[in-house]
Protein chains: 2
Amino acid sequence: MPRSVAEKPEKLSRIQTANRALITEAALEVFATEGYRGATIERIAERCGMSKTNLLYYFPNKDEIYRTVLAQTLEGWLDPFIEISPDADPEEALGNYIAEKVALSLDRPEASRLFANEIHRGAPLIHDFLKTELKDLVDEKAAVIRQWIDSGKLAPVDPYHLIFMIWATTQHYADFAVQVEAVMGRAPDTDEITQAITGMILKGARPA
Amino acid sequence: MPRSVAEKPEKLSRIQTANRALITEAALEVFATEGYRGATIERIAERCGMSKTNLLYYFPNKDEIYRTVLAQTLEGWLDPFIEISPDADPEEALGNYIAEKVALSLDRPEASRLFANEIHRGAPLIHDFLKTELKDLVDEKAAVIRQWIDSGKLAPVDPYHLIFMIWATTQHYADFAVQVEAVMGRAPDTDEITQAITGMILKGARPA
DNA sequence: CAAAAACTTGACCATTTGATAAAAAATGAC
DNA sequence: GTCATTTTTTATCAAATGGTCAAGTTTTTG
């Protein structure tokens, strides 16, 4: 009789798979809105109709839930970025990337807010990841952008700040959705946002 | 013998003024990094070298500390926005605004993160403020931008998204400072950031 | 300088919260 | 269907946390 799922890293049963998915889904929302310390196991359990004790059968502790959810989030976050190809036309490549990030932001705003929260806390769990894996990846894409600039396909903008600008604007519509809706009196859709961002940024980066 | 400062809303003594300032300063940092629920009174007290009990002499409860800090933050946040004048040249007016916001973001990143956190939680305390005061203010500035567009001084961009883009990019350097530094391997200064943002956005909004 | 007011401290309390242990219930293999 | 395994519940804890109270200390004021 195992004390918890976490103690036997073998294959998961159907119930285990289902419940762990339920839990991470609920945890994502709670962590995203309340932050790591503000989130409680009980609240997560409530949100997936499970007792706190039962939840702790599937995850050994709060920290492990958080790590799991954060890892999942990071994965989905990086994928579209990796796709940026040096062979493509810059406007198309960046336009696609922006469109994908906007779609993701509207589809899973909690993931974006969870990530933001981790950074706000000083990135205690992923500081190393940022300095190594993410940095390498950004360096790589910055080189691609620089190459586009050198071949006259892009105006001479700083690649890093261009990337930050894309991240900042796309994520803004997830992280500040409440403010956007309050100020506009309505919630803009994917197309409208993508249009606005690509229109501005791609024009700003277009060669003279 | 008054039970607390909050109970007598008359003028504050020297010690009261000093200690309340100490507390709000410390509270800003703690709330900004830990979020509302994650922040503890004890931690705030520690950070200003005061006992929890003593702190509670100056503020009746945690909520009141938060409200005070948030109100202070909102004030400083709006000021530069209000200054945007229809009479000025758009590039200069927007450029100035961006420069001021960047300076503020680097100078007081905690304020920016506190605000972000409030929004992440769904803006429980300021939802009404967003829908009324802020919306009115943004509507007003959007009208100014539209006027610039109509008189051919600006490309036909959506005023609201232009404003969001400025907010998103400038605040990004406060809220995601840890990530920016990790990825760039250094912390960009005010000038560099202002240059990058204005360069891109103002060019993107420049009439053809 | 003495009384009053303002400030600080330490002991205390009720809840909440992360977590454990063991019993009960449900599920699955044969 | 029965037995072993997995899942869920119930009871319980210790620590953390928001907050109170009353007594002590310092500062201000007449």
Side-chain angles (χ1 to χ4, degrees), chain A residues 1-24 26-27 29-31 33-70 121 124-125, chain B residues 1-24 26-27 29-31 33-70 121 124-125:
Chain A
M1 58 187 85
R3 269 241 311 279
S4 89
V5 167
E7 286 179 16
K8 47 164 12 192
E10 298 153 40
K11 57 201 160 204
L12 303 176
S13 77
R14 208 153 20 92
I15 297 181
Q16 280 165 11
T17 314
N19 278 345
R20 281 181 65 104
L22 256 182
I23 292 167
T24 50
E29 291 173 40
V30 176
F31 279 127
T33 59
E34 301 288 357
Y36 177 76
R37 294 210 50 194
T40 74
I41 301 182
E42 180 122 43
R43 230 183 163 88
I44 298 172
E46 261 174 43
R47 197 173 277 239
C48 49
M50 191 181 282
S51 73
K52 182 172 66 164
T53 321
N54 197 190
L55 188 153
L56 283 167
Y57 168 71
Y58 291 101
F59 286 90
N61 52 51
K62 182 178 173 180
D63 209 65
E64 206 55 46
I65 309 172
Y66 182 72
R67 282 173 197 277
T68 304
V69 173
L70 185 61
R121 288 199 303 151
L125 266 82
Chain B
M1 57 186 87
R3 270 240 311 276
S4 90
V5 167
E7 286 179 15
K8 48 163 10 190
E10 298 152 42
K11 58 201 159 204
L12 302 175
S13 77
R14 206 154 21 94
I15 297 180
Q16 279 164 13
T17 313
N19 278 347
R20 282 182 65 105
L22 256 183
I23 293 167
T24 51
E29 291 174 41
V30 177
F31 280 126
T33 59
E34 302 287 358
Y36 177 76
R37 294 209 52 198
T40 73
I41 302 183
E42 181 123 42
R43 229 182 164 90
I44 298 171
E46 261 175 43
R47 197 175 276 241
C48 49
M50 193 181 281
S51 72
K52 183 172 68 163
T53 320
N54 197 191
L55 188 154
L56 282 167
Y57 169 72
Y58 292 99
F59 286 89
N61 52 50
K62 183 178 172 179
D63 208 65
E64 206 55 48
I65 309 172
Y66 182 71
R67 282 173 196 277
T68 304
V69 174
L70 185 61
R121 288 200 303 148
L125 266 84

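First the proteins, then the strands, lettered A, B, ... as listed; each starts at 1. In this text, all values refer to a predicted model and were calculated from it rather than measured experimentally. Values below: all heavy atoms of this structure, side chains included; hydrogens, waters and symmetry mates excluded.
- Put simply, CG on B/N19 is 9 Å from C1' on C/dC7, counting in whole angstrom units.
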Between the protein and nucleotides 26-30 of chain D, are there any N/O to N/O pairs under 3.5 Å, and if so, what are the atom names and distances?
{"unit_1": "D/dT28", "atom_1": "OP1", "unit_2": "B/R14", "atom_2": "NH2", "d": "2.8"}

Checklist entry - How does each nucleotide of nucleotides 9-18 of chain C score, in 5' to 3' order, for protein heavy atoms under 4.0 Å: base (B), sugar-phosphate only (S), or none (-)? => result BB------SB

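- An OP1 or OP2 oxygen of C/dA6 is reached within less than 4.0 angstrom by no side-chain nitrogen or oxygen of B/Y58.
- A heavy-atom distance below 4.5 Å is not found between the side chains of A/T68 and A/I23.
- When the shell of 6.0 Å around CZ of A/R43 is examined, it contains 12 or fewer heavy atoms from other residues, nucleotides or ligands.
- In this entry the distance linking CD of B/E64 with C1' of D/dG18 reads 15 Å, nearest Å.
- Screening B/T24, B/I41, B/N19, B/I44 for a side-chain contact (heavy atoms from CB on, under 4.5 Å) involving B/F59 leaves a single residue, B/T24.
- Distance CZ (B/R20) to P (C/dA6): 15 Å, rounded to an integer number of Å.
- When side chains are defined from C-beta on, B/I65 does not count as touching B/Y58, because their heavy atoms never get closer than 4.5 Å.
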Checklist entry - When you look at B/Y66 and B/L125, which way does the side-chain contact (heavy atoms from CB on, under 4.5 Å) test go after all the steps? => result CA-CA 10 Å; B/Y66 182 71; B/L125 266 84; 4.1 Å; yes

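- A close approach under 4.0 Å does not occur between any side-chain nitrogen or oxygen of A/Q16 and OP1 or OP2 of D/dT6.
- Within the cation-pi definition used here (under 6.0 Å to the ring centroid, within 45° of the axis), B/K62 does not qualify as a partner of B/F31.
- One atom, CZ of B/R43, and another, P of D/dG18, lie 11 Å apart when rounded to the nearest Å.
- Sequence neighbours left out, the pairs with a member in residues 46-57 of chain A that pass salt bridge (Lys or Arg N to Asp or Glu O under 4.0 Å) are A/E29-A/R47.
- Between B/R37 and A/T40, the closest side-chain pair of non-hydrogen atoms falls below 4.5 Å.
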